[in-house]
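Below, each value reflects all heavy atoms present in this structure, side chains not excepted, and no hydrogens, waters or symmetry copies.
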Amino acid sequence: ISANMITVGSLLATIAAAYLIAIGHFALGGWTLLFAFTCDSWDGIVARATGTTSITGEFFDATIDRYNDLITFFGFMYYYRNDTLPLVLVLTALVGSTLVSYTRAKGEAVGVDPNVGYMQRHERAVWLGVSTSMAPILAVYVEPTAQHPLYHLPIVVLALMAVLTNITAVWRVLFVMNGLRQKSQTSQTSVAGA
């Protein structure tokens, strides 16, 4: 089994998890989501262990990671489509999560690695997977007769993600801009000194 096969497996598992969440099977969806994110960790381990790491593999993995993030949020968006506050939290967390990844990638591309902040991808995966899989247990006590349970546990995590991912995105923007200014000043000083 190649690393790329595991990456594709993580995408298929994420699609299954998003579907399960969308139709309200949060426990199974949460466990499937955790499995998908575990596959995402394994692909890099397998690539290093088999000596098959490559720039194309890293690019493919990073691209599938973005698909996995967005597809996961689509599952929550569908489930909460008629619940305004949870839907807004899902959308805000989606924006923040996308920008956390984008600002890191763009920062690295311009020569400044902004590895700062909260709720990076694996943290988001654990928080969201665990809260989703445990949500029905809390729902039995909080909303036992609900036809369409709100599942408060993932809502709390989505609220944290909405705040912390966007704080991280802004932090990374400022970090990269400051790093670029420092690089510019350093290069101007070295040119003047020459």
Evaluate side chain to side chain donor-acceptor pair (under 3.5 Å) for S10 paired with D40, printing each intermediate quantity in order. CA-CA 6 Å; S10 77; D40 181 48; 4.9 Å; no
One pair to check against side chain to side chain contact (heavy atoms under 4.5 Å, CB included): F26 and S133. What are the steps and the verdict? CA-CA 6 Å; F26 271 45; S133 60; over 6 Å; no
Using a 4.5 Å cut-off on heavy atoms from C-beta on, say whether the side chain of S131 contacts that of V156. no
Is there a side-chain contact between N115 and R172 (heavy atoms, below 4.5 Å)? yes
Check step by step if side chain to side chain contact (heavy atoms under 4.5 Å, CB included) holds for R181 and M177. CA-CA 6 Å; R181 274 193 293 272; M177 291 175 68; 4.2 Å; yes
Heavy-atom closest contact (P154 atom, Y80 atom, distance): CG-OH, 4.2 Å
Please determine whether residues L99 and Y67 belong to a single hydrophobic cluster, defined as Ile, Leu, Val, Met, Phe, Trp and Tyr linked transitively by side-chain heavy-atom distances below 4.5 Å. no
Looking only at atom types and distance, does a side-chain atom of E123 sit under 3.5 Å from a main-chain N or O of Q120, one as donor and one as acceptor? yes
Given the rule in the side chain to side chain donor-acceptor pair (under 3.5 Å) test, do D83 and H148 qualify, once you have shown the distances and angles that lead to the verdict? CA-CA 10 Å; D83 304 302; H148 177 82; 3.1 Å; yes
State, with a plain yes or no, whether a side-chain heavy atom of Y151 is found less than 4.5 Å away from one of L138. no
Where do L20 and T32 come nearest, in terms of heavy atoms and distance? CD1-OG1, 3.7 Å
Find out whether R124 and D69 are in side-chain contact, i.e. whether some heavy atom of one side chain is under 4.5 Å from a heavy atom of the other. yes
Shortest non-hydrogen contact between P114 and T103, atoms and distance: CG-O, 3.6 Å
Restricting to non-hydrogen atoms, name the atom on A13 and the atom on A36 that form the minimum distance, rounded to 0.1 Å. CB-CB, 3.6 Å
Going by the side-chain contact (heavy atoms from CB on, under 4.5 Å) test, name the single residue among I64, T63, T56 that passes it with F60. I64
If I compare all heavy atoms of V110 with all of L180, which pair ends up nearest, and what's the gap? O-CD2, 3.8 Å
Rounded to the nearest 0.5 Å, how far does CD1 of I71 lie from CZ of F76? 13.5 Å
Does E143 reach the side chain of L150, with side-chain heavy atoms less than 4.5 Å apart? yes
Let me check something: do M5 and W42 share a hydrophobic cluster, defined by ILVMFWY side-chain heavy atoms less than 4.5 Å apart, either directly or through other members? yes
Non-hydrogen side-chain atoms of N68 and L11 separated by less than 4.5 Å: yes
Heavy-atom check, side chain of R121 versus side chain of F37, under 4.5 Å: yes
Side chains of L158 and L128, heavy atoms from C-beta outward: is any pair under 4.5 Å? yes
Which heavy-atom pair separates L33 from T72 by the least distance, and what is that distance? CD1-OG1, 3.5 Å
Looking at V100, is its backbone amide N or carbonyl O close enough to the side chain of R104 to form a donor-acceptor pair, meaning the two atoms are under 3.5 Å apart? no
Heavy-atom donor-acceptor pair, T52 side chain to R48 backbone, under 3.5 Å: no
